[in-house]
Protein chains: 4
Amino acid sequence: MTGKTNKSIERKQEILRVAQKLFNIKGFQETSINDIMKTVGAAKGVFYYYFETKDQVLDTLVEQNINEIVDGMVQVVSNPDLNATQKLKYMLREEFRVSTSRNDFNNHLHNIKNVDMHQRIMVSMVEKIAPIFSQVVKQGVLEGTFKTEYPLEVCEIVIAGVHFISDLGIFHLSREQYIKRIKASEEIIEKALGVEEGSFNFLSEMLKETPDRIMDAKAIKEHYDEI
Amino acid sequence: MTGKTNKSIERKQEILRVAQKLFNIKGFQETSINDIMKTVGAAKGVFYYYFETKDQVLDTLVEQNINEIVDGMVQVVSNPDLNATQKLKYMLREEFRVSTSRNDFNNHLHNIKNVDMHQRIMVSMVEKIAPIFSQVVKQGVLEGTFKTEYPLEVCEIVIAGVHFISDLGIFHLSREQYIKRIKASEEIIEKALGVEEGSFNFLSEMLKETPDRIMDAKAIKEHYDEI
Amino acid sequence: MTGKTNKSIERKQEILRVAQKLFNIKGFQETSINDIMKTVGAAKGVFYYYFETKDQVLDTLVEQNINEIVDGMVQVVSNPDLNATQKLKYMLREEFRVSTSRNDFNNHLHNIKNVDMHQRIMVSMVEKIAPIFSQVVKQGVLEGTFKTEYPLEVCEIVIAGVHFISDLGIFHLSREQYIKRIKASEEIIEKALGVEEGSFNFLSEMLKETPDRIMDAKAIKEHYDEI
Amino acid sequence: MTGKTNKSIERKQEILRVAQKLFNIKGFQETSINDIMKTVGAAKGVFYYYFETKDQVLDTLVEQNINEIVDGMVQVVSNPDLNATQKLKYMLREEFRVSTSRNDFNNHLHNIKNVDMHQRIMVSMVEKIAPIFSQVVKQGVLEGTFKTEYPLEVCEIVIAGVHFISDLGIFHLSREQYIKRIKASEEIIEKALGVEEGSFNFLSEMLKETPDRIMDAKAIKEHYDEI
DNA sequence: CATGAATGAGTCTTCATTCAT
DNA sequence: GATGAATGAAGACTCATTCAT
């Protein structure tokens, strides 16, 4: 009775993996537990051994996704050798990386059908990620590099706005539109923090390394339509 | 003769009214057509005489809500006697008014359960309201009062961010938290447009006239729990 | 009170016309009275002024269709100047003509979805057309040109068999298959009546004048799929 | 382990049994899944555990019925020791036996209301049974006992015609009428194959052993009316 | 730990028919 | 004669969840 066997944990992860995949493809509401367990290849009852409700799967999934981001960030934030700007740049880079990778076919968390999951992630972003960012912003204010009266709330607004707007599961953007939105994001971040224009243009720089298939909503849509 | 009787139009509006109310209380998914028509006090078939699907009701509702806002704005925007700042102030004031009135009990469009409607409204906001704002912003840029390289995209981000963050159906905020978020919104708007600090503080001023029951998420929640 | 106005009869015929058209395209079950009256361009209530039930329309339609064939035949049958072979040839020719015209796009009575109507026509065929044919066959037996012990029953079987088999609404035949089935029909008719081989080959001769679009099930199917 | 439990298979068969019974009594369209499952004595959901749609039940039923006939026939057909006439006689006898047994109360597949099932069986007959018959006919042609230019098509027509005409679910025949139609069938089969008159009179011979309750439509009708 | 059969309330939707105006 | 709004029973189908084995 060590609590959970290895096999047991794997089983649970397998269910989560399959659930996430199906939620992305068909949406949460449209995915039945039957669908999940058939894909997993186990009996329906197994599901209820690992989870209590279908909703719990969604919660777990969202939490896992958020934690992945959070975990990476806290390390940076707690590093005493970095100044605010350095930390922020690292964090934004990281988030952007995760964000775009999410648009990738095999991990496309933001399908348009998937309103439920989407909203929960947005909420988690605001509630869990924004405070981390605001901590760094506060540090920057103290260091004299950033300037804002409402660090937390500004982070919340910017994070919510930027994420919603650049979600290729919601908006079917062309590459050009997408780039423009990212550049506007840079502009807003710079202005919100009161830093020099162009300081955060590394985001749009990163886009250049991003393959089309991740950034072009049409390509993504067509991919899913094929399935 | 005119195609639709007065009585008929009223009936349709009555259904819409009831539907909106129930969607707010129970959420879209959780509201059945049965629920709606029982409340209306008519046979289920009547629903399908006026609408083709449950989804159509949602669409109509969202459209009506957005149009209400749009209609008010276009008049202001097309007024040649106003400068960009004047227009923007008017529009923000108006939007804020509609927005908070929406939080009112009898017209509480943004219940947390109501993910579907919520998301559609957010999308409509970005797609329909942002372009109107950006038009005014462009005017301001020409007039030399505003400064931004991406008028449309900046409007999109700010609108999305501010709306999401200040939605009392999603976040259960205390009065203080709410005020802070509104103030941060002001800060961001000012910075995004490159205007002087404090130029748009009329928003938080308006809050002072807003009764608690609309602004305090706890009060709202308790109200619904009573039902 | 002359019973029925001219306008009234026209109205009724219009409804029947539209009903037949829609039954052919969508099938009887799938066509609602709403569909019919919307196409007619009159209020739903009008329908019930002219018919008592939806079923009555089907009955009327089948009867009209059968009567059209019957009327043409009785004239020939009662003509004392013709011998049995002459009569039969004429009748077959006529029936074949009506039959193929039915496969035509605008009068395609035998859509595959239209099981109900189809069966009723088959039954009517056996009950109303077979007796007429058998009368002629009996004449032929007396004249010594035909030979069979069960004139009525043989007519019933042949009519049922030939019609079912050559119904392009049921079977999706290629032109070749269709021709073969018609030729086999000739063979059976000749044998059943005990006449010389080739005596009734005029049926397949008639095919040569029939355009593909009527005879090729694929063309017909594609036509309907476009709608 | 084997995929399906014994009990599970039984359940499925039970549903099929009940469905067939109800379809016969009330017709396919008029039988609801509720009806079926209430009779089975299980929850509605059980139905959908075993079948995907109501239509699938019909398909399964038709297939089962046809296969029963086909299975018996292929054995005879593939027997190299029998000549065509022997095979044909055996097959006809067999089919007649199944056909009349179907008219029996407990297995009355052809109720007049049951247009859908009826048509599907007719189509299956033509598509699955006719080819088997035609194979034997071809053998007979080679052996010099039969004579026809279109073996397959002739089989199709005769099968369709004879079945339709002798279906007591469609036509309410008296015993005399029924016998006449069977005798006419014999005549047509003999003529179609070009064999000596009287060669296939064993069919009407078989009738003599058939009890009235199966052959007399009135008796059958009365039986159902009692229910 | 696993199975998979069973549950049954609940969903949206359809439509022939009626009837007051 | 005509209108078209209203009826409401009935239909097929879904699915999260339970539980005996």
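Both backbone and side-chain heavy atoms feed into the values below; hydrogens, waters and symmetry mates do not. Letters go in sequence order (proteins before strands), and every chain restarts at 1.
Of the listed nucleotides (E:dC12, F:dA12, F:dT7), E:dC12 has the atom at the smallest distance from the side chain of B:Lys54. Closest approach to the D:Tyr48 side chain among F:dA16, F:dC13, F:dA10 is made by F:dC13 (side chain taken as heavy atoms from C-beta onward). Which of F:dT7, E:dA2, E:dC15 sits closest to the side chain of B:Ala43 comes down to F:dT7.
If you measure from atom OH of C:Tyr49 to atom P of E:dC19, you get 18 Å, rounded to the nearest angstrom. At whole-Å resolution of the value, CD in A:Gln29 and P in E:dG10 are 17 Å apart. Taking atom CD1 of residue A:Ile33 and atom C1' of nucleotide F:dT17, one finds them 8 Å apart after rounding to whole Å. Protein atom CG of D:Asp55 is 11 Å distant from nucleotide atom P of F:dA12, rounded to whole Å. Rounded to whole Å, atom P of E:dA2 lies 4 Å from atom OH of A:Tyr50. Rounded to an integer number of Å, the gap from C:Glu30 CD to E:dT13 P is 18 Å. Computed from coordinates, the A:Met37 CE to F:dA16 C1' distance equals 14 Å when rounded to whole Å. The separation between D:Lys38 atom NZ and F:dG11 atom P is 9 Å, rounded to whole Å.
Applying the 6.0 Å contact sphere to CD of D:Gln13 captures more than 12 heavy atoms from other residues, nucleotides or ligands. Other residues, nucleotides and ligands contribute over 12 non-hydrogen atoms within 6.0 Å of the CD atom of B:Gln56.
Both D:Val46 and D:Asn34 lie near DNA chain F, and the one whose nearest nucleotide falls closer to the 5' end is D:Asn34. Nucleotides of DNA chain E nearest to C:Ser32 and C:Gly45 differ in position, and the one nearer the 5' end is that of C:Ser32. Across the interface with DNA chain F, nearest-nucleotide mapping of C:Ala42 and A:Thr53 shows C:Ala42 to be the residue nearer the 5′ end.
Contact annotation: A:Arg11 side-chain N/O to E:dC1 OP1/OP2 distance is not under 4.0 Å.
Nearest approach of D:Ile121 to D:Ile66, heavy atoms of both residues: O-CD1, 4.2 Å. When all heavy atoms of B:Thr39 and B:Leu22 are compared, the pair lying nearest together is OG1-CD1, 3.7 Å.
The residues D:Glu14 and D:Arg17 are annotated as salt-bridged, a charged nitrogen and a carboxylate oxygen being separated by less than 4.0 angstrom. By the 4.0 Å N-to-carboxylate-O rule, C:Asp59 lies too far from C:Lys54 to be salt-bridged with it.
Counting only Watson-Crick and G-U wobble pairs whose two key distances fall under 3.5 Å, DNA chain F forms stems of three or more stacked pairs at E:2-21 with F:2-21.
Annotation: cation-pi pair C:Lys12/C:Phe51 present, NZ/CZ under 6.0 Å from the ring centroid and within 45° of its normal.
One N or O donor and one acceptor, one from the side chain of C:Lys44 and one from the base of E:dT17, sit under 3.5 Å apart.
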